[in-house]
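The block underneath contains the structure these notes are about, expressed in structure tokens.
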Amino acid sequence: MMGKVMTMAQAIGRFVPDGCSVLMGAALESLIPFAAGHEIIRQRRRNLTLIGPISDILFDQLIGAGCASRVIAAWVGNVSAGLAHNYRRAAEANTPHRLDIEDHSNFTLSLALLAGGLGAPFIPTKTLLGTDLLPGSQSFQLSSEPDTGAPLVHVQAITPDVAILQVQRSDREGNAHCWGNLGVSEEGGLASRGVIIVAEEVVSREMILSDPNRVLLPSAKVVAVVHEPWGAHPSPVQGFYGRDHGFYEQYHLASRTSEGFEQWLKGWVLDVEDRTGYLARLPKDRLNQLKPSQRRLAAPVDYGY
Amino acid sequence: MMGKVMTMAQAIGRFVPDGCSVLMGAALESLIPFAAGHEIIRQRRRNLTLIGPISDILFDQLIGAGCASRVIAAWVGNVSAGLAHNYRRAAEANTPHRLDIEDHSNFTLSLALLAGGLGAPFIPTKTLLGTDLLPGSQSFQLSSEPDTGAPLVHVQAITPDVAILQVQRSDREGNAHCWGNLGVSEEGGLASRGVIIVAEEVVSREMILSDPNRVLLPSAKVVAVVHEPWGAHPSPVQGFYGRDHGFYEQYHLASRTSEGFEQWLKGWVLDVEDRTGYLARLPKDRLNQLKPSQRRLAAPVDYGY
Amino acid sequence: MNQKLTYTMQEVMVAVAARQIRDGELVFVGMRLPLLAFAVAKRMHAPRAVGLFECGLMRDEPAPELLYTMSDPPNIAGAIWSTRMINLMGMLQQGAVQLGMIGGAEVDRFGNVNTSYIGSRQRPTVKLPGSGGAADIASLAGRFLIIMQHERRRFKERVDYITSPGFGEGGDWRRHVGLPGRGPAAIITTLGTLSFDPETKEAILASHHPGVTPDEVCRQTAWPLRVSPAVHETAPPTDEELAIIRHCDPDGFWTRP
Amino acid sequence: MNQKLTYTMQEVMVAVAARQIRDGELVFVGMRLPLLAFAVAKRMHAPRAVGLFECGLMRDEPAPELLYTMSDPPNIAGAIWSTRMINLMGMLQQGAVQLGMIGGAEVDRFGNVNTSYIGSRQRPTVKLPGSGGAADIASLAGRFLIIMQHERRRFKERVDYITSPGFGEGGDWRRHVGLPGRGPAAIITTLGTLSFDPETKEAILASHHPGVTPDEVCRQTAWPLRVSPAVHETAPPTDEELAIIRHCDPDGFWTRP
């Protein structure tokens, strides 16, 4: 029996086929699986539906590379630097090609994924009433409270084909520890048909099972475990590395034009074989600068009996 | 300004008035706030609405003592020993007085509390369709999926007045760490207007903030912090003490008759001043026997940057 | 214990239930006998089965000690996930859980289970504890097993109250009322095993336990119990199965009446 | 920076926003200027205010370092809760969050904010990033602040697209459409502060920042902006407020244009 541990190329090759829906960037500005996104670009996936609350610049890269035909998100941009240029070109000028946009807010996207994980058809809310996100959207159904007649929005469940979740550490079965803000990582993983775990460290089963409350989701959901140190760069991973703010700024400037983006893509993704190659292109010492300057250990917890 | 740390008598006196709705036993068979329940009995609270998925024998004691006029629960019994005698007497013979019972399943109760915490009026589900829990219940509304017409149950939100949650450790503001199975502790706390934290240990703010992912819920919800070691006995608290199975059996036998229960109540609750008095009545060495025989420390986690 | 037999009926029930667990399945495990059945299956034929406990736990290894409740400390330590109840219930409703096991005080011809009220709801003769998670398992699990004491007063033509839905009034009742799960696969009793007619969904005696005759089973059933043409004696627990059961429950807390 | 002034307009905005935070309030904090406003309020007059970050964090002390995003490691370490987004959004919908702060690309006469599409939705002139959590804050927070660059092209009679609802078409529109939050309390701009008429819900110039005249504000507004009879100069940031801002943003990443 083949195990779940595999290379990023194998994981993307097997579990992210053309036309599938893929959840990424679930934690928000941290733990963004950039290494996975770059492999999707290298394998020239097409017609993906990208799902994520905000994705910082990851979705912009996938859109610019022509991988996506649809985005279901609350926000697509560059968190520290501004607008997302490829996203703009796609929406404003169908460049590189047409992109369907299904607008959510952060709350409605998390409710949609929560509903997906609960096996519920929808969850009602009062957010977005009166806004232009509602008319004509497939994601929402207008309704009303049976007793009072007060307006309600039914947020329809979302069940992505696959979620790609970056974590600090995992065992070989996909029992994984994750800490820091979780965003929609848990809901998103539970809502998805399969989960690819991208781990900074692959550790022993004993280590993970020593703290079952820290486990993100059931390994039964996990289809692949990819050991990919620095897999989230330039986004941060608590306890492992900080955010590379300059890298976002650099991308922002480079991607202003299609040509600039193509060049950026060539240099950082297409002409690079894998994550090791990518890391080798970073300025000397960059990784060292991003490493924690101080350990901050969680207080001990005793599961003894 | 008076702080949140207070005795159990003060916390129950201030935050569990006659007629209020109170969530207890949220974790299921562990972390049951028996010390709080006993103080409620001593203060002779009346007309409470008890809310909890299963409560092991805690709700049975409160019902037998005449504190409750209504129960919203999925199960009321004695998990290791069988039926709940006071619950039976109340439902079958209005002894000590009439009890309204609102039947839930574990799933619907957790959905009701989830909805409460989300500020959603209800959450739809397919559980319980066709069962006798639905007709005439205020907790459920029959509906159907707009597209397919398939039947749905709308589980109405529950927002208890107060949740009493037992945890391993808390700081003086109610920032609390809890581990082991959580049941509906998080949903229940978030759904409630206020939370009383009962902690085995009151520790420093630094200790709690060293691990914010372990924090159960926001301290803004917490109205009281009670330092009550062994507060959950005879139910277990991971890392602190095991379950006192014999105590449940003993209660089961004692409570077979109203008279037997009265005597049990006198001995263990009414004639006892507080938790210290209760613990003093336990057989010598009982507490030592329940203490962990082995430490099982969670693997270290680094929040450094 | 039957004097001629070297095992108890509870041990037979555990072995029969264990054999219903398939390798790799996600199983909603209750307490008592189902918990032992999970342990037997894991060690015998279903090493990759995973157990879900509604209190908020998942385990891929049975706990190393006897459990009185699913929240006992040995069940938490070494779990592969310790979480909130709703996450496990959500997986159940998603259809990710292939098998669940429930007990009951009363069951009827179509596998409906009552654990709520005997007599009327307003003034019950006996108030039973209620659903717990059983009604959810019966509603939502791929299939489920009912594990019960076989007595005439418990096996009724029609239960007084449906807590956990079986096949309702039979036929395609489940589809009609909108239940996603496929319903009960078997009733495993102290006397035998009942399966369900694929069309009418009526319970049928499939096997009688060693030392029990089909007639005895029928006498302990308050409706005219159909007997399968293929009815046979339940395969008794093997030595290996018994060894596992007795390792898990050395004092017979759950398995020696 | 205005040559006569010893502070920037961004610093004025931060100080004005900070003064809107009351002690003990739960505040949905965004990034950039609101984050600085939270830090100022905490140290000045609202020591018991608590900040919520939609990525899944709550803090009762501002992070000790400048943040570029709310998920930056210094914002996680020392948080009082690190959790799932939905828990914070749930508190927002419960009505537990008294104040939220949002930015915007366009705002209109009734405080509606557009961060989605300039031009048509089908073929926009500019595709903006979208709501993020702003529409939720605008829908659900007790009250909220809009913090924006004041330019005529951004202050429009009617926004092209309502991402974050203000008062819609004015009057009791919010109640009519069913929004629980009370709506925007103020628009804090690079030129002044706008509040809302309690009846008509139209934006009114309440104060103009030091060095800015009411006329200039009106010229940078594409609808005929009403000026409050009580219009006055915005109280400039105090030395203490400035010290806190500059301690938090020493290089002026967010506060020096």
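In what follows, chains carry the letters A, B, and so on, assigned in the order in which the sequence lines appear, proteins first and then strands, with residues in each chain numbered from 1.
Residue contact with chain D, scored on non-hydrogen atoms closer than 4.5 Å, is absent for A:L31. Only the backbone of D:T125 comes within less than 4.5 Å of a heavy atom in chain A; its side chain stays farther off. Contact of D:I137 with chain A is not made at all, since no heavy-atom distance falls under 4.5 Å. For D:P180, the part lying near chain A is the side chain, with the backbone staying farther off; criterion is any non-hydrogen pair under 4.5 Å. Residue contact with chain D, scored on non-hydrogen atoms closer than 4.5 Å, involves the backbone and the side chain of A:A91 alike. Contacts of A:L114 with chain D are made by side-chain atoms alone, with heavy-atom separations under 4.5 Å and no backbone atom involved. Residue D:F53: no heavy atom, backbone or side chain, is found under 4.5 Å from chain A. Only the side chain of D:W173 comes within less than 4.5 Å of a heavy atom of chain A; its backbone N, CA, C and O stay farther away. Heavy atoms closer than 4.5 Å to chain D are found nowhere in A:L152, neither backbone nor side chain. Contacts between A:R296 and chain D at a heavy-atom distance below 4.5 Å involve the side chain alone, from C-beta outward.
Here the closest heavy-atom approach between residue D:G178 and residue A:L129 is recorded as O-CD1, 3.3 Å. The nearest pair of heavy atoms linking A:N106 to D:M85 is O-SD, 3.4 Å. The heavy-atom pair separating A:L28 from D:S71 by the smallest distance is CB-OG, 4.1 Å. The shortest heavy-atom contact between D:A135 and A:L128 is CB-CD2, 3.4 Å.
D:T83 is not listed as a side-chain neighbour of A:L182, based on a closest heavy-atom distance of 4.5 Å or more. Counting heavy atoms from C-beta on, the side chains of D:M89 and A:T127 never come closer than 4.5 Å. In this structure, D:V126 and A:E92 have side chains that are in contact, with non-hydrogen atoms separated by less than 4.5 Å. A 4.5 Å side-chain heavy-atom check between D:Y161 and A:T131 finds every atom pair outside the cut-off.
Around atom CZ of A:R295, no more than 12 heavy atoms belonging to other residues, nucleotides or ligands sit under 6.0 Å away. Around atom NE2 of D:H247, no more than 12 heavy atoms belonging to other residues, nucleotides or ligands sit under 6.0 Å away.
Here the straight-line distance linking atom CG of D:D72 with atom CD of A:E29 works out to 8.0 Å at 0.5 Å rounding. To the nearest 0.5 Å, atoms CG (D:D136) and NE2 (A:H104) are separated by 11.0 Å. Between A:E187 atom CD and D:I86 atom CD1 the span is 5.5 Å, to the nearest 0.5 Å. We find the OG-CG distance between D:S164 and A:D132 to be 11.0 Å, quoted to the nearest 0.5 Å. With values rounded to the nearest 0.5 angstrom, D:L66 atom CG is found 7.5 Å from A:H245 atom NE2.
Ranked by heavy-atom pairs shorter than 4.5 Å toward chain D, the options A:P151, A:G77, A:G183, A:S30 are led by A:G183. Note on D:V177, D:I162, D:T163: by heavy-atom pairs under 4.5 Å with chain A, the leading option is D:I162. When the candidates A:S80, A:G82, A:A27, A:P53 are compared by the number of heavy-atom contacts under 4.5 Å with chain D, A:S80 comes out ahead. The choice from D:A79, D:G132, D:G78 that makes the most heavy-atom pairs within less than 4.5 Å of chain A is D:G132. Ranked by heavy-atom pairs under 4.5 Å with chain A, the list D:P124, D:P165, D:G119 is led by D:P124. Counting heavy-atom pairs closer than 4.5 Å to chain D, the top residue among A:A26, A:A90, A:S110, A:G239 is A:S110. With chain A as partner, the option from D:L57, D:T115, D:L92, D:N114 having the largest number of non-hydrogen pairs under 4.5 angstrom is D:L57. Between chain D and the residues A:L113, A:L133, A:N78, A:V79, the most heavy-atom pairs under 4.5 angstrom are made by A:L133. Options A:I101, A:D60, A:T108, A:D56 differ in how many heavy-atom pairs under 4.5 Å they form with chain D, and the most are formed by A:I101. For the set A:G242, A:A93, A:S235, the count of heavy-atom pairs under 4.5 angstrom toward chain D peaks at A:A93. Of all the listed residues (D:G56, D:P73, D:G133, D:G130), the one sharing the greatest number of non-hydrogen pairs under 4.5 Å with chain A is D:P73.
A salt bridge links A:D103 to D:R121: at least one charged side-chain nitrogen sits closer than 4.0 Å to a carboxylate oxygen.
In terms of modelled atom types and a separation under 3.5 Å, the side chain of D:S131 and the main chain of A:A74 share no donor-acceptor contact. Of the possible donor and acceptor atoms, one in the side chain of D:S82 sits under 3.5 Å from a partner among the backbone N and O of A:N181.
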When you look at D:Q93 and A:T125, which way does the side-chain hydrogen bond (donor to acceptor under 3.5 Å, both in side chains) test go after all the steps? CA-CA 8 Å; D:Q93 187 164 245; A:T125 178; 2.5 Å; yes

Side chain to side chain contact (heavy atoms under 4.5 Å, CB included), that's the test. Do D:R123 and A:N94 meet it? Break it down for me. CA-CA 9 Å; D:R123 196 63 183 253; A:N94 291 342; 4.1 Å; yes

